[in-house]
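Comments concern the structure below.
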Protein chains: 2
Amino acid sequence: MSQRQSKSEAAGNRESERRRTILRAAIDVFARKGYHGCRIADVAREAGVAYGLVYHYFKNKDELLETVVETGWSGFVSRMRAVAEDEGNSLEQKVRGIADVAFEAYRVDPRAVKVLILEVARSPAGTQVVSRQQAYLDTIRMAADMFARAQATGELRADLDPMLCASLLFGAIELGLTAFVSGLMEDRSPEALERAKLQIAESFLRGVIPGAATSAEAAWKQEKVSSGTRPKAGKRS
Amino acid sequence: MSQRQSKSEAAGNRESERRRTILRAAIDVFARKGYHGCRIADVAREAGVAYGLVYHYFKNKDELLETVVETGWSGFVSRMRAVAEDEGNSLEQKVRGIADVAFEAYRVDPRAVKVLILEVARSPAGTQVVSRQQAYLDTIRMAADMFARAQATGELRADLDPMLCASLLFGAIELGLTAFVSGLMEDRSPEALERAKLQIAESFLRGVIPGAATSAEAAWKQEKVSSGTRPKAGKRS
DNA sequence: TCCCCGGCTGATTGGCGAATCAACCGGCCG
DNA sequence: CGGCCGGTTGATTCGCCAATCAGCCGGGGA
């Protein structure tokens, strides 16, 4: 921090350093105490900045949350869309890809993901600002379209409702991540994350793909063997 | 205090009518605007009761929510526990049973379920009162135990993490219900609910049960045929 | 009849925290 | 050097809402 950074010149791209400090602090505080459970003063303190400055960069508390969420969510969605709408991918690849995107986001910035899960996916709806709610629902709809297309090509069982498939996939990913966020999974190592990601994708795919054994299945068995003794499961006989 | 009730006669079992009116109103209002998004005045108005009376029956706003949640959740949990811990049931029956319990609860009182999902399952954690958070996590742990036992008897793939299985099952049910609560599913008829419940249980089971085809599978196909033309799937353009 | 008592009422209070604002600082330009 | 200006500060204001409380009402008992 604190290289003077050409005040008068350029700086157009360089979004104020301070602003970003505040944004970062907001993520951390929101993750720790939740949006409603914290005051602006907390964010300011965390950022090491005067109370009033927060209002210099953000219209109000809600815009602060909105900004945090918008940036995080749009990144996630665009990555996910790229995977879901690339028709070079099989359904299986798409599902795996989506799980990848979600878990990678968590690996990179767990606290930001926590905020997204808490304040977007699980926002108390109702009177709540519609935009967040809407963004989430739109994402599910996008996935539902993906599944509908997969049904047309026979990659997905015809007897399933695409919308419900989408809900299920997101439910699985969301609660999977929540298990980490909430501390239900004690082992939070990258390997544990990787294992969880695989289990989620595998289970989901086995559940919705036509026919009995999938290539996923084979790949999984392969993986299991090649990685030597599995670290966790299977200690009860 | 106040086991007085039964002013003139009998009524011993009859928990104050008023109290229940208020509780009911609280459920409706919480479902509509969320706990944080409503004031006590809203609850009082909905109940057609004076503001102060709410405080006559409940210590404070939080106890009101606590009571709503406690009653609803404990009912759900005990039903679920009965299913999950009845060792006469196969894993498949247990999973189906749990889905039954959840969806039946929704059918009977959607708004109460909405509140539970919003304020228990998806509460912003953090500084939040721990009890709700805890109740939810405990329930997941209970399911995890169920899956661990199923692994011991070979009813569940050995390569899966029981805790993750539990999270996945709840994720599937929760988001499945959320799809209805949030209006993603336009068709909210009892039949649509029933279909969703089946799809969730089927998909989940196919995903986690050892071997390729399950009895679930057979039963499902059976069901499909005997019920004539499937009501919904397959008319996508 | 009158009084007592518990359920009930709703205006009032108190505290909290979002949002404002007047003043301050230090660089830069004329 | 002096005045301007954008970024920065934090005490102050203001509205909102949970929680209180003084008192009302109606029935039942003496």
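In the text below, chain A, chain B and the rest are named by the order of the sequence lines, each starting its count at 1. As a basis for the values below, the full set of heavy atoms in this structure was taken, side chains included, without hydrogen atoms, waters or symmetry mates. Just so it is clear, the model here is predicted, and its values are computed rather than measured.
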B:Tyr57 side-chain N/O to C:dC8 phosphate OP1/OP2 under 4.0 Å: yes
To the nearest Å, how far apart are B:Glu63 CD and D:dT20 C1'? 16 Å
To the nearest angstrom, the NE2-P distance between A:His56 and C:dA22 comes to 16 Å
Which nucleotide in the set C:dA19, D:dT8, C:dT9 lies at the smallest distance from any side-chain heavy atom of A:Tyr55? C:dA19
B:Arg96 bridged to B:Glu92 by N-O distance under 4.0 Å: yes
What integer distance in Å separates A:Lys33:NZ from C:dG17:C1'? 13 Å
Cation-pi, A:Phe180 ring and A:Lys114 (6.0 angstrom, 45 degrees): no
Does B:Arg79 pair with B:Glu104 as a salt bridge, N-O distance under 4.0 Å? no
May I ask you to say whether B:Arg32 pairs ionically with B:Glu46, meaning some side-chain N is under 4.0 Å from a carboxylate O? yes
Let's see if you can work this out: which of C:dG17, C:dC8, D:dA19 has an atom nearest to the side-chain heavy atoms of A:Arg39? C:dG17
Whole-Å distance separating the CG atom of B:Leu53 from the P atom of C:dG7: 10 Å
Looking at D:dG10, I'd like to know if its phosphate oxygens (OP1 or OP2) sit under 4.0 Å from a side-chain N or O belonging to A:Tyr51. no
Check the distance between C:dC8's C1' and B:Arg19's CZ and give it to me in whole angstrom. 16 Å
Using OP1 and OP2 only, check whether a side-chain N or O of A:Arg18 sits under 4.0 Å from D:dG7. no
Between NE2 of B:His36 and C1' of C:dC16 the distance, given in whole Å, is 15 Å
For A:Ile40, report the nucleic acid contact type (base, sugar-phosphate, nothing); a contact means any heavy atom under 4.0 Å. sugar-phosphate
